[in-house]
Structures are given as C-alpha cells and as structure tokens.
Amino acid sequence: MVEPASPKRLNLLKRLLKGAFFALLVFNPAISPAAGVQPAIASAHPLATEAGMQILAQGGNAFDAAVAVSAALAVVEPQSSGLGGGGFWLLHRADSGEDVMIDGREKAPLAARRDMYLDERGEIIEGRSIDGPLAAGIPGEPAALAHIAERYGQLPLSRSLAPAIRLAREGFPVDARFRRMAAFRLEALRRGGSATNIFLRHGAAPDEGELIRQPELAETLWRLGHQGRDGFYAGKTARRLVEGVRKAGGIWTQKDLSDYRIVEREPVVGRYRDLRVTAASLPSSGGIVLMEMLNQLQGMKLAGLDEAGLVHAIVETMRRAYRDRAEYLGDPDFVPVPVKRLLSADHARALRKTIHPDKATPSADLKAAPADASVGRDTTHFSIIDRQGNRVAATLSINYPFGSGFVAPGTGVLLNDEMDDFSAKPGAPNVYGLVGGQANAIAPGKRMLSSMTPTFLESPNRIAILGTPGGSRIITMALLATLAFDQGASAEDMVALRRFHHQYLPDVIEYEEGAISPAARAKLEKMGHALKPFQWVPGDMQVVILDKRTGHTHAASDPRGAGESLVAPADPVHGVLDPGVHRDDGVDATGNAGIPAGKGVTQDRHPIIRDDAAQISSSP
C-alpha cells in the first residue's frame with residue numbers, strides 16, 4: 001500500500017522547494033544481466049499485475065508479461081482499455097540496449113470522412129463521435145500483442161494470453177470504480193449491443209462483488225492466441241465484428257481489419273540535466289511535449305524563486321508546449337511535423353524569451369492555435385522490468401469510459417470511441433471540452449493524435465519506468481514525475497505527488513488540493529493566472545524504479561486508483577506467490593481513476609526543480 005508521506009519525505013520536498021540540488025554524477029553502466037534484477041510490475045489492477053507475474057514465473061520475459069498484463073486489463077478493466085482499443089508499448093531490450101515504440105494506435109476506417117460527425121449546417125452532431133460503433137476506430141491492441149509476442153517474447157502467444165482467458169471465463173468481481181463508471185455510461189451500455197448483458201444487471205450497474213464473466217471474449221482471446229494476428233483481423237472474429245458494427249450503423253469493412261498494421265517507431269529521446277528521457281513519439285504527442293517543457297526549464301535560473309515563482313515558470317513552459325501541440329502535431333504518416341525544430345535548443349531559447357518572470361502570458365496573446373483532443377481519463381498504464389533488465393512502459397486506451405459502449409455480438413469485444421480524438425470541426429470542443437486543428441483532422445486510415453506518454457528515465461544510478469492515464473493532463477503528470485525523479489524521489493513519492501496542470505486552452509491552472517499553497521495561489525492570481533481546483537484529480541500512475549548499482553527494484557501504484565505493484569526476488573527459482581514477493585496495493589479511495597480534490601493523498605508540495613546554471617556549459 002502506498003503510505004502517506006513520512007515526515008522525512010516531507011522535509012526532503014520542502015528542501016527541494018527551496019531550490020536544493022544534487023551534484024552532477026558520472027553515469028554508471030547498467031548492471032550486467034548476470035547480476036540479476038528484481039522483476040517488478042505495477043499496473044492499474046491487481047489481477048493484471050498478478051497475471052504478468054505468473055508469466056514471468058513461467059520463464060517469460062518482460063515482453064511476454066506485457067502481453068499478459070495488457071490482455072488481463074482488457075478483461076478486468078474494460079472501462080479503460082481492451083482488444084477493441086489501442087495504445088503505445090515502449091520497449092527496452094537489455095541485450096542490445098535498443099528502445100522501440102510499438103504503435104498500436106487505432107486508425108480511422110477507410111470510409112471515414114472529414115465531416116462525418118457534422119449535420120447539414122456543418123455543426124457537430126452531439127454524441128455521434130462518442131457512442132456506438134460509428135465512433136470506433138480500427139483496433140490496434142490485438143495486432144500489437146501478437147507482434148510483441150512473436151518478435152520480442154520467449155513464450156507462445158497462447159501461453160501469455162492464458163491468464164486473461166481464465167479471467168474472462170471464470171469472471172472477476174466488480175469493484176467500486178467499475179460500478180461508478182458503468183453508472184456514468186449507463187445509457188451507452190444499454191444501447192451497446194451485447195454490452196448490456198455483459199456489463200449490466202437488469203439494465204443497471206452491477207453491485208460491488210458481482211462477478212463479470214465474458215465467455216465470448218475468452219473465445220476471441222483463444223483464437224488470437226492460437227491463430228495469431230489472423231485470429232482477430234480475419235476469420236470468425238473479423239466477420240462477427242464487421243457484421244455487428246455495420247448492422248448497428250458503423251462503417252467498418254473487412255478491408256479495414258485486414259489492412260491494419262502496427263508500426264515500430266523510434267521513440268523521442270532527450271536529455272534533461274543528468275537524465276536520459278525516452279518517451280512515446282508521434283502519433284502520441286507525449287514525448288515531444290514533455291521534452292519541449294523540459295528543454296525550456298533546463299535553461300532557466302530557478303534558484304531563489306519562491307513557490308509561486310517556481311509554479312509560474314513551470315506553468316508557462318506547459319502553456320507554450322501545449323500551444324505547439326495544437327499547432328503542429330498529428331499523424332506523421334499524413335502530415336509533416338517539424339519535430340527536429342520543436343525539440344531544438346534554438347526553439348527552447350525562443351520560447352523562454354517570451355516568458356515574463358512575474359507576469360502570466362495570456363494564451364490569447366500567443367499565436368492562435370486550438371488545443372487538440374486527447375485520450376480520455378479511462379486510459380490505463382503499466383510498467384514492467386524483468387530479471388534481465390528488459391523493460392516495458394505501456395499506456396492503453398479505449399478513450400471515454402467503456403469506449404463507445406458497443407460490443408459486437410459474438411465477440412465480447414468492447415469497441416473504442418477514439419474517433420472523438422480527431423478534430424471533427426476546427427474550433428469545436430470534443431467530449432473533454434477541447435478543440436482541434438487541421439493537423440488532427442479526420443482522414444481515412446489516419447491515426448488520431450494522442451497524449452499517452454509511456455516513459456523511461458535514466459539517471460547515473462537509477463532507471464524509472466512510468467506512465468499514467470489522464471487525458472490531456474497525462475503529459476504534465478509525466479513532467480512533474482520527471483522533475484521528482486531528478487530530485488531523487490522514490491516510486492511512492494512519484495505516484496502520490498500532488499498535481500497541477502495547464503494546457504494552453506482553456507487558459508487556467510488546474511490544481512490538486514495541497515499542490516499549491518493558498519499564499520502562492522494568491523500571488524499567482526496577482527501575476528494574472530486563473531486557477532481552479534480539479535473536479536477529479538487525474539491519473540493512475542504506475543512506477544517501477546531500478547537501482548542500477550544493486551539490481552534492487554521498487555514499485556508503486558497510484559494511491560488514487562486500485563492498482564497493485566509487485567516486486568519478486570531476482571532469483572528466478574522463486575514463484576510469483578513466494579513469501580519473498582513484495583506486494584504494494586494502491587488504495588481505491590473513491591472507485592474512480594481520479595479522486596475528489598483534497599481526498600486520498602497526503603503529500604506536501606510537489607518537488608520543484610533545481611537551478612543548474614553552474615553545472616552546464618550551455619543550455620538550450
């Protein structure tokens with residue numbers, strides 16, 4: 001369980017707030033595989049974490065475990081991810097040092113059109129891009145799981161999917177969060193084909209403790225496991241998906257499914273002080289926006305600033321990076337994106353010059369650009385490291401809670417509503433109140449822009465594997481976690497960190513209670529900032545940290561969620577349920593991915609970054 005911050009930890013954060021900093025260290029080489037690493041998994045659901053540990057205990061590597069955790073989450077956390085959705089899997093191979101991102105993002109159907117969610121007057125038709133099969137992109141998760149198992153795993157795909165198949169057949173108990181989200185999406189689920197019978201009881205959200213069994217999903221997973229990619233994108237499953245979608249008003253075709261391919265992409269890699277940062281690349285905006293913010297901060301003189309001044313500096317970097325996200329970012333296979341320029345030292349310098357030290361920059365004064373849509377709050381994340389040092393950070397989504405709410409009969413597959421992540425109309429808000437631009441416009445076969453930010457951080461002595469759900473707020477949560485890790489924070493500190501956020505538009509700082517003191521809020525308002533508390537604190541962060549000197553790992557799940565983190569002995573002869581396994585359960589305070597502002601977390605201020613003007617010869 002993630003415990004409230006200790007007095008020692010609070011004092012550390014207070015010292016950081018005053019601008020304390022650590023000396024720059026010389027990089028140590030990663031520990032050798034022979035030395036052994038403690039395997040660890042942190043995920044958003046205990047049953048998914050345990051599924052991954054079972055596969056590691058059977059001789060699988062981190063990539064096999066990632067397949068198992070992804071599939072188990074598809075079963076036990078259907079409000080957040082699933083075979084009918086997609087995501088990004090950031091992989092690191094210990095033997096070669098290679099980092100690669102598996103792009104399993106959904107794609108627009110080939111019959112999709114720019115104005116498909118507009119009426120004859122050119123206005124958005126409410127709900128059309130959110131509910132039902134017309135809102136669904138072509139899923140990428142099944143193709144990604146088959147690819148990871150075949151290219152990177154040590155076990156057959158069928159073996160890695162076995163825990164999820166068992167969970168689908170035998171059932172899992174409803175928890176508070178599932179019940180809350182089912183009640184929230186009740187009308188969509190009632191209209192959602194087979195979804196009503198699977199996820200509801202007599203047309204209402206099931207009671208806590210009731211078992212949800214999914215025998216048709218178990219069959220679909222079995223076909224995927226034994227037939228590979230074709231077990232989903234061809235044959236019986238594909239026919240049932242297309243028939244069900246089209247009968248209910250969708251536009252999928254067999255060609256959409258047969259044409260779908262994952263893409264292996266180079267992740268975004270950058271430097272922040274003595275950290276190496278590796279994060280998701282386009283069509284996720286996460287890595288670019290994260291590095292833009294870090295590049296701006298890296299050249300600032302922050303020592304001596306008070307709390308309001310430090311928050312102001314961070315917020316202004318958020319504002320400018322999110323403006324660039326809206327202006328330039330989209331599917332790189334469809335639109336030209338000036339990635340090299342956005343990540344350059346010159347660009348960071350130019351952005352910093354526009355930041356006033358004690359006055360907020362109104363977003364309206366920056367070059368006009370609307371903020372694009374992003375993944376929903378019911379995304380999920382997990383982090384894994386195995387004994388050899390292979391690691392995975394994966395963020396998966398079906399967008400809104402329970403996606404489109406539609407299950408194609410005979411498949412058990414709950415479909416996403418990721419089409420809402422496109423810009424349906426320039427300047428018109430999506431379901432999250434965000435508006436979009438031309439770079440993220442709908443086009444046949446195009447991948448929608450995302451904010452998912454699976455991330456690796458490497459310092460001289462430690463490695464962190466992290467990520468979180470949270471919609472457009474994902475990237476700023478990754479930023480704050482990066483700053484905390486840079487200051488030596490533990491996994492528990494990072495997941496429990498108080499959060500604040502700015503995304504260019506709307507022009508407001510959102511904050512978790514305790515993240516910014518009342519005195520600092522008052523000073524920020526005098527600077528011209530608008531502030532409001534989070535209605536629901538976003539995120540369900542999962543962090544694994546490796547000490548490269550010892551091979552010991554520490555893992556933590558966000559106390560705002562119901563996740564579980566497990567650390568096993570480095571000795572591979574120990575089983576997953578051996579007494580040596582360290583269990584760290586997250587606290588489900590409210591049954592939601594976020595918690596009501598001011599509840600569930602006891603943590604002093606966020607750690608604010610150090611000034612290292614004396615440590616670097618030149619800054620971007």
Side-chain angles (χ1 to χ4, degrees), residues 33 36-43 47-75 81-83 86-104 139-168 220-233 260-265 267 380-396 454 456 465 467 542 544 566 568 570 572 575-576:
V37 172
Q38 285 183 290
I41 301 176
S43 90
L47 293 174
T49 299
E50 289 160 16
M53 278 294 186
Q54 289 169 15
I55 294 303
L56 290 178
Q58 293 173 25
N61 59 19
F63 312 123
D64 298 306
V67 171
V69 174
S70 299
L73 287 169
V75 176
S81 68
L83 294 190
F88 301 102
W89 289 257
L90 187 61
L91 313 182
H92 172 81
R93 298 180 66 170
D95 57 356
S96 65
E98 173 192 9
D99 294 316
V100 64
M101 186 188 81
I102 307 301
D103 176 0
E141 180 165 329
L145 300 188
H147 178 81
I148 292 169
E150 178 180 353
R151 182 157 184 175
Y152 298 98
Q154 294 177 334
L155 301 179
L157 177 59
S158 58
R159 175 82 67 86
S160 297
L161 294 182
I165 293 171
R166 184 171 59 253
L167 287 168
T220 297
L221 284 163
W222 186 92
R223 282 191 288 273
L224 177 65
H226 286 80
Q227 301 170 21
R229 182 190 177 282
D230 286 348
F232 186 91
Y233 294 90
Y260 185 88
R261 296 290 186 275
I262 63 95
V263 181
E264 289 203 348
R265 301 189 190 272
T380 193
H381 179 87
F382 63 85
S383 298
I384 299 177
I385 193 166
D386 67 15
R387 185 176 181 273
Q388 289 70 41
N390 299 307
R391 56 186 189 260
V392 179
T395 311
L396 320 175
F456 299 146
I465 308 163
Q542 310 295 325
V544 170
L566 294 175
V576 65

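The structure displayed is predicted, hence computed values, not measured ones. When reading the values below, keep in mind they use all heavy atoms of this one structure, side chains included, and skip hydrogens, waters and symmetry mates.
Contact annotation: the side chain of Leu91 never approaches that of Met101 to less than 4.5 Å [non-hydrogen atoms, C-beta and beyond]. Contact check for Gln54 versus Arg166: side-chain heavy atoms found under the 4.5 Å cut-off. Side-chain atoms of Arg391 and Phe456, non-hydrogen and from C-beta on, do get closer than 4.5 Å to each other. Side chains of Trp89 and Leu145 form a contact here, defined as non-hydrogen atoms less than 4.5 Å apart. Within the 4.5 Å cutoff, no side-chain heavy atoms of Val392 are placed close to those of Ile465. At a threshold of 4.5 Å between non-hydrogen side-chain atoms, the residues Pro39 and Ile385 do not count as touching. The shortest side-chain heavy-atom distance between Leu155 and Ile55 falls under the 4.5 Å cut-off. Taking 4.5 Å as the limit, every side-chain heavy atom of Asp95 sits out of range of all side-chain heavy atoms of Gln388.
Contact record, Gly467 with Ser383: N-OG, 4.4 Å, taken as the closest heavy-atom pair. The minimum heavy-atom distance linking Ile41 with Thr49 is given by the pair O-CG2, 3.6 Å. Closest of all the heavy-atom pairs between Ala72 and Ala164 is N-CB, 3.7 Å. Closest non-hydrogen pair, Phe88 versus Asp103, comes out as CE2-OD1, 3.4 Å. Of all heavy-atom pairs spanning Leu396 and Phe382, the tightest one is CD1-CE2, 4.0 Å. Contact detail for Glu98 and Tyr152: the closest heavy-atom pair is OE2-OH, 4.4 Å.
Side-chain atoms of Asp64 come within 3.5 Å of backbone atoms of Asn61 as a donor-acceptor pair (strictly under, hydrogens ignored). A donor-acceptor pair under 3.5 Å is formed between the side chain of Tyr233 and the backbone N or O of Ala143. Using modelled atom types, one side-chain atom of Asn390 and one backbone atom of Ala94 make a donor-acceptor pair closer than 3.5 Å.
Partners of Arg229 by side chain to side chain donor-acceptor pair (under 3.5 Å), not counting sequence neighbours: none found.
Rounding to the nearest 0.5 Å gives a distance of 6.0 Å between OG of Ser43 and CD of Gln542. Distance CH2/Trp222 to CD/Gln227: 6.5 Å, rounded to 0.5 Å. The CD1 atom of Ile384 sits 7.5 Å away from atom OG of Ser70, with the distance rounded to the nearest 0.5 Å. Atom CG of Leu221 is separated from atom CD1 of Ile165 by 5.5 Å, given to the nearest 0.5 angstrom. Distance CG/Leu167 to CG/Leu161: 12.0 Å, rounded to 0.5 Å. In this structure, CG in Leu224 is found 9.5 Å from CD in Glu141, a value given to the nearest 0.5 Å.
Legend: salt bridge (Lys or Arg N to Asp or Glu O under 4.0 Å) pairs involving residues 143-153, not counting sequence neighbours, sorted by first then second residue: Arg151-Glu264.
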Under the side chain to side chain donor-acceptor pair (under 3.5 Å) criterion, do Thr395 and His381 qualify, and how do the steps go? CA-CA 4 Å; Thr395 311; His381 179 87; 2.8 Å; yes
